[in-house]
Amino acid sequence: MSILPTLKERFHAALQGMVDNPAEMVELVRPSQDPKFGDYQANMAMPLKKQLGRPPRVIAAEIIARLDVADLCEKPEIAGPGFINLRLRTDWLVNHLSAAIGDERLGVEPVAQPRTFVIDFSAPNVAKPMHVGHIRSTVIGDSLCRVLRFLGHRVTSDNHIGDWGTQFGMILYGYKNFLDQAAYERNPVEELARLYRLVRKMMDEESSRHTPCAEGQSDDNETSDGTDETSGSAHGVCGLQASGVQAAVLAETAKLHAGDAENRRLWGEFLPNCQDEISRVYRRLGVSFDYTLGESFYHDRLATVVDDLLSRGLARESDGAVCVFFDGMETPAEKGDSPHLPERPEGCCAQMGTVPFFRSETPMIVRKKDGAFLYGTTDLATIRYRMETWRPDAILYVVDHRQSLHFKQLFAAAQLLGYDNVEFQHVSFGTVLGDNGRPFKTRSGDTVGLEGLLDEAVRRALEIVSANDDAKPDGPELSAERRQQIAERVGIASLKYADLSQNRTSDYVFSYDKMLAMTGNTATYMQYAYARVRSIFARGGVDVEALRASGSPITLNAPAERALAVELIRFSEALDSTVVDYRPNQLTAYLFDLANRYSTFFEQCHVLRAETEELKQSRLLLCDLTARTIRRGLELLGIEVVEKM
RNA sequence: GCGCCUGUAGCUCAGGGGAUAGAGCAACGGUUUCCUAAACCGUAGGUCGCAGGUUCGAAUCCUGCCAGGCGUACCA
């Protein structure tokens, strides 16, 4: 049993019959921020002053008198205004760690009540190269899948790719007018990407010719749930008229949607190539999906959604468009019978993210006046499919925060349709910005390609790996191939980590130097800590399996040993807090602390040259647990370790 | 106008009721006959945007203001 829940239980027992609200007070048991206040602290004595009418320190003493933690902690101490400070007993730490040695899960228990999650993330437009804007959704979503799964939840990952939008109209138009047949036969993906860029450029030029206000509107506002052809399209905010290339592109798109045989055939020919392209990137990133059901999958389900909304009186026509309004329509919450939300398993997941009531001036449009459907329509059809197919308790959308209004509307509409027994959660994240505080672009104004970014990260990693290997006291030990393999892992890890370590809600300023930095709070720091542990085992010729089976006792006498041990047992707390608000940076912060503790331990406590054989065995066990925790933690972030670097 | 987000050290950011607000980078000073110095130890650096309020306790919650970003009916 993890320590924090155990402590809470003990306090609950102590407070039972003493205070009115033991369950609430128990939440004030938490890890101490400063080791001098012990490992954990209980802060409920102060707020209980009013209820019990006694000074907090007296209350604290009463609680301690009723508290049975003798098997877990040293004698609790009262400090300051009435804090109860708890210091874990060394023998408890030792027992807990000893149990973790033989445990694949490192002492982390699966949740008591598993939930079923559908996680919607990445969602690129497949007809064009992936770029920097896709990193966050892909990396955060992948990590959340991994952590939730590890905790025992049922997780279905679904990549809702944009495979039906205007970008295919662009490629169709390009294919029909500017195809380089030889290039296409040689490398279809590359040629399609060229055509995409060409048509994109033509459209942009066309709109900047027609629109003085195009400045600032021509951004390729990639959002991860669909196409990004906003700008410069006939629907641009400047009211430009569709003409020339733009009109032609829209016409090709419309023909595709209407079932035009030629366009459907070409679409069917392009799509596998496009998918190969993104698959290659996913393979390199180590990201996979259970399902890839894109927009096209829902194409013939959209009319039903609209009909449903209309026939149930949930949508009405306005200016020729079919809309769901949120400006006064009664929702279940308003009628009083607030929607029944599933009980939240304790310590498991975020507050229910459904929108019990939501008012918006703007409606959600589900059918345009020209009869075409919008992404809200597709998203509703997708919800219906997911609910019927997987019956999830929660659906997470890992999507740019700029779409928050869309998701509010979507969730409210889904609730109107009766999907009110599920947690809808927009796991939003900030924008990747350039130095200028604007969405990140290259100097020429293009979006930054994801593959180029990976290459650059790996290139920089290779330089550092090589320099470090050359500087080793006994000379280099890595072959050129090995260096390259390591650089691949280290480079991609640094890229992912730079994203994951950020609080996802804030925008972040992209910087090659920061993202690819190999020192400080980076994946590299942890990979390095891991490699140093493994180096000890290699150098000492240690048989890890035998070590684990040996039953050698762990001792925690040195401060650095104890500090490391305390950090090790907090792994499950880190995972819990990651999942509470779907924030992987909780896990990166933990791993950084752990690697830090290990580095201190590494400096202060010699392992192979320990004073006694027993001490050496004990420290090897600590090393093993550290290595496994780092490896597992990084794995849950989608990051791989290396044995040497 | 309305809605959402952000404002914390020189820079980039954690922390989102608990004790003296933290880290990385940059700066300065130490540590290698010793398991990987991509490391470790230390010093310096902050009216937590401003003003009120709630509380035993506020960077954290509430209200108002200031500044920035994003969104705001037929793109996604």
Taking only the side-chain heavy atoms of [X] (C-beta and beyond), determine which of [options] contains the nearest atom.
{"X": "A:Leu405", "options": "B:rG71, B:rC56, B:rU36", "result": "B:rG71"}
{"X": "A:Pro47", "options": "B:rA38, B:rG18, B:rG24", "result": "B:rG18"}
{"X": "A:Ser404", "options": "B:rG18, B:rC4, B:rU72", "result": "B:rC4"}

Counting only non-hydrogen atoms, which of [range] are less than 4.0 Å from RNA chain B?
{"range": "residues 592-608 of chain A", "result": "A:Phe592, A:Asn596, A:Ser599, A:Thr600, A:Phe602, A:Glu603, A:Cys605, A:His606, A:Val607, A:Leu608"}
{"range": "residues 77-85 of chain A", "result": "A:Ala79, A:Phe83, A:Asn85"}
{"range": "residues 535-544 of chain A", "result": "A:Ser535, A:Ile536, A:Arg539"}

Whole-Å distance between [N] [atom2] and [X] [atom1]?
{"X": "A:Glu477", "N": "B:rU36", "atom1": "CD", "atom2": "P", "answer": "8 Å"}
{"X": "A:Leu433", "N": "B:rC5", "atom1": "CG", "atom2": "C1'", "answer": "12 Å"}
{"X": "A:Met170", "N": "B:rC75", "atom1": "CE", "atom2": "P", "answer": "16 Å"}

Salt-bridge test for [X] and [Y]: reply yes if a basic N is under 4.0 Å from a carboxylate O, no otherwise.
{"X": "A:Arg483", "Y": "A:Asp470", "result": "yes"}
{"X": "A:Asp34", "Y": "A:Lys36", "result": "yes"}
{"X": "A:Lys369", "Y": "A:Asp319", "result": "no"}
{"X": "A:Glu62", "Y": "A:Arg54", "result": "yes"}

Once ring-ring contact (aromatic ring centres under 6.0 Å, His included) is applied, do any residues pair with [X], and if so which ones, sequence neighbours excluded?
{"X": "A:Phe83", "value": "none"}
{"X": "A:His257", "value": "A:Trp164, A:His299"}
{"X": "A:Phe297", "value": "A:Tyr385"}

side-chain hydrogen bond (donor to acceptor under 3.5 Å, both in side chains) involving [X] - partner list, sequence neighbours excluded:
{"X": "A:Asp39", "value": "A:Arg562"}
{"X": "A:Tyr298", "value": "none"}
{"X": "A:Glu603", "value": "none"}

* Name the orientation class of the two ring planes belonging to A:His406 and A:Tyr375 (parallel below 30°, tilted from 30 to 60°, perpendicular beyond 60°). => parallel

Using a cut-off of 4.0 Å on non-hydrogen atoms, how would the nucleic acid contact of [X] be classed: base, sugar-phosphate, or nothing?
{"X": "A:Ser428", "answer": "nothing"}
{"X": "A:Lys644", "answer": "base"}
{"X": "A:Lys616", "answer": "nothing"}
{"X": "A:Met364", "answer": "nothing"}
{"X": "A:Pro473", "answer": "nothing"}

* To do: Would you mind building the protein contact string for nucleotides 7-17 of chain B? One character per nucleotide, 5' to 3', B for base within reach (heavy atoms under 4.0 Å), S for sugar-phosphate only, - for untouched.
  => -----SSSSS-

* If we only count heavy atoms from C-beta on, is the A:Glu561 to A:Leu622 side-chain gap below 4.5 Å? -> yes

* Within-4.5 Å side-chain heavy-atom neighbours: A:Arg583 and A:Gln586 -> yes

Compile the donor-acceptor pairs under 3.5 Å between side chains in residues 588-595 of chain A and protein atoms, sequence neighbours left out, one pair per line.
residue: A:Thr588; atom: OG1; partner: A:Asn585; partner atom: O; Å: 3.0
residue: A:Tyr590; atom: OH; partner: A:Glu567; partner atom: O; Å: 2.7

* Asked: Does a distance-only test, which skips hydrogens and angles, find a donor-acceptor pair under 3.5 Å between the side chain of A:Thr519 and the base of B:rA39?
  -> no

* If you take atom types as modelled and just measure distance, does the side chain of A:Lys408 reach the base of B:rU72 with a donor-acceptor pair under 3.5 Å? -> no

* **Of A:Tyr397, A:Phe121, A:Phe411, A:Phe407, the residue whose pairing with A:His426 passes ring pair (Phe, Tyr, Trp, His ring centres under 6.0 Å)** => A:Phe407

* To do: Would you kindly check if the NZ (Lys) or CZ (Arg) of A:Arg532 is within the cone defined by 45 degrees around the ring axis of A:Phe602 and under 6.0 Å from the six-membered ring centre?
  => yes

* So, A:Asn503 versus A:Tyr508: side-chain donor-acceptor pair below 3.5 Å or not? -> no

* Asked: How far does the C1' atom of B:rU33 sit from the matching atom of B:rG29, given to the nearest Å?
  -> 24 Å

* Roughly how far apart, to the nearest Å, are B:rU8 and B:rC61 at atom P? -> 15 Å

* Structure fact -> Stems for RNA chain B (at least 3 consecutive Watson-Crick or G-U pairs, under 3.5 Å) come to B:1-7 with B:66-72, B:10-13 with B:22-25, B:27-31 with B:39-43, B:49-53 with B:61-65

